[in-house]
Amino acid sequence: MRENPIYTVTPPDMLLPDNGPVITVLSSNTEFVLDLEALYENIFKTVPITLYHPDGAIDDANCAWVMSMMRFSDTIYVDLDNITELGLVCAFMVKKKGTVYFSEKNKRKSVVRLLNTIPEVNVYDNIGEYAEMMLNTLEEL
């Protein structure tokens, strides 16, 4: 049974929570968003979670909202397989240490190759691989 609320925020709404993790998911793939929501639900069982996502593709109408929400977020998740070019530029413009990239289908091979040249950037094959890394890091603490 879930003890924590998960607040899903989409454009044009805003929510600035008092506590709990705040994440932005940049993907037009609903399944990807739900998988990340489930991951956070399993890790943070007693604190509220705020999840921002554009509820579809990133375009001219929601680009400013996406940029603003990324600045409020603790972690930004970028689905390289299901993001528009504008969304990719937004992700690169908001330089956050907590940006995590995924490329399950490797649709943007050249972008993945470039990201792999940046030492502080990790590109994960899937959410399961990322979850395992996260849980191993938590166990070490």
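These figures come from a predicted structure and were not determined experimentally.
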Exercise: identify the closest heavy-atom pair between [X] and [Y]:
| X | Y | value |
| --- | --- | --- |
| Ser28 | Ala57 | CB-N, 4.0 Å |
| Gly128 | Asn126 | N-OD1, 3.1 Å |
| Val66 | Pro54 | CG2-CB, 4.0 Å |

Residue list, side-chain contact (heavy atoms from CB on, under 4.5 Å) with [X], at least two apart or on another chain:
| X | answer |
| --- | --- |
| Asn106 | Ser103, Lys109, Val112 |
| Glu132 | Asn136 |
| Leu34 | Thr30, Glu37 |

Under a single-linkage definition using a 4.5 Å side-chain heavy-atom cutoff for Ile, Leu, Val, Met, Phe, Trp and Tyr, are [X] and [Y] assigned to the same hydrophobic cluster?
| X | Y | answer |
| --- | --- | --- |
| Leu88 | Val123 | yes |
| Val25 | Ile76 | no |
| Met93 | Val78 | yes |
| Leu51 | Val47 | yes |
| Ile118 | Met133 | no |

Compare all side-chain heavy atoms of [X] with those of [Y] and state whether any distance is below 4.5 angstrom.
| X | Y | result |
| --- | --- | --- |
| Tyr77 | Ser27 | no |
| Leu115 | Leu80 | yes |
| Pro17 | Val22 | yes |

Margin query: Tell me whether the count of non-hydrogen atoms from other residues, nucleotides or ligands lying under 6.0 Å of CD in Glu31 goes above 12.
Written below: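 Atom CD in Glu31 is not packed in, count stays at 12 or less.
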Next item on the list: Start with the C-alpha distance between Tyr40 and Ile23, add both sets of side-chain angles, then the distance that settles side-chain contact (heavy atoms from CB on, under 4.5 Å), and finish with yes or no.
Entry: CA-CA 10 Å; Tyr40 269 74; Ile23 63 173; 3.3 Å; yes
Margin query: Show every side-chain hydrogen bond (donor to acceptor under 3.5 Å, both in side chains) that has at least one partner inside residues 50-68, sequence neighbours left out.
Written below: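 Qualifying pairs: none.
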Next item on the list: Give me the ring orientation class for Tyr101 and Phe92: parallel if the planes are under 30° apart, tilted from 30 to 60°, perpendicular past 60°.
Entry: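 The rings of Tyr101 and Phe92 sit tilted, inter-plane angle from 30° to 60°.
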Check: When the ring planes of Tyr130 and Phe102 are compared, do they come out parallel, tilted or perpendicular, using 30° and 60° as the limits?
Finding: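 Ring orientation of Tyr130 relative to Phe102: perpendicular.
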Item checked: Sole candidate of Asn42, Asp35, Ile43 that passes side-chain contact (heavy atoms from CB on, under 4.5 Å) when paired with Leu39 ->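 Single side-chain contact (heavy atoms from CB on, under 4.5 Å) partner of Leu39 among Asn42, Asp35, Ile43: Ile43.
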Item checked: salt bridge (charged side-chain N to carboxylate O under 4.0 Å, His left out) contacts touching residues 73-83 (sequence neighbours left out) ->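 Qualifying pairs, neighbours excluded: none.
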Rounded distance [0.5 Å steps], [atom1] in [X] versus [atom2] in [Y]:
| X | Y | atom1 | atom2 | answer |
| --- | --- | --- | --- | --- |
| Met69 | Asp13 | CE | CG | 10.0 Å |
| Leu15 | Phe72 | CG | CZ | 10.5 Å |
| Ile58 | Met67 | CD1 | CE | 10.0 Å |
| Met134 | Ile127 | CE | CD1 | 11.5 Å |
| Ser110 | Arg108 | OG | CZ | 9.0 Å |
| Asn82 | Leu26 | CG | CG | 11.5 Å |

Next item on the list: Take Phe32 and Glu104, measure what side-chain contact (heavy atoms from CB on, under 4.5 Å) needs, and give me the verdict at the end.
Entry: CA-CA 10 Å; Phe32 182 81; Glu104 187 172 345; 5.9 Å; no
Checklist line | Thr99: side-chain hydrogen bond (donor to acceptor under 3.5 Å, both in side chains) partners, not counting sequence neighbours | finding: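 By the side-chain hydrogen bond (donor to acceptor under 3.5 Å, both in side chains) rule, Thr99 matches no residue at all.
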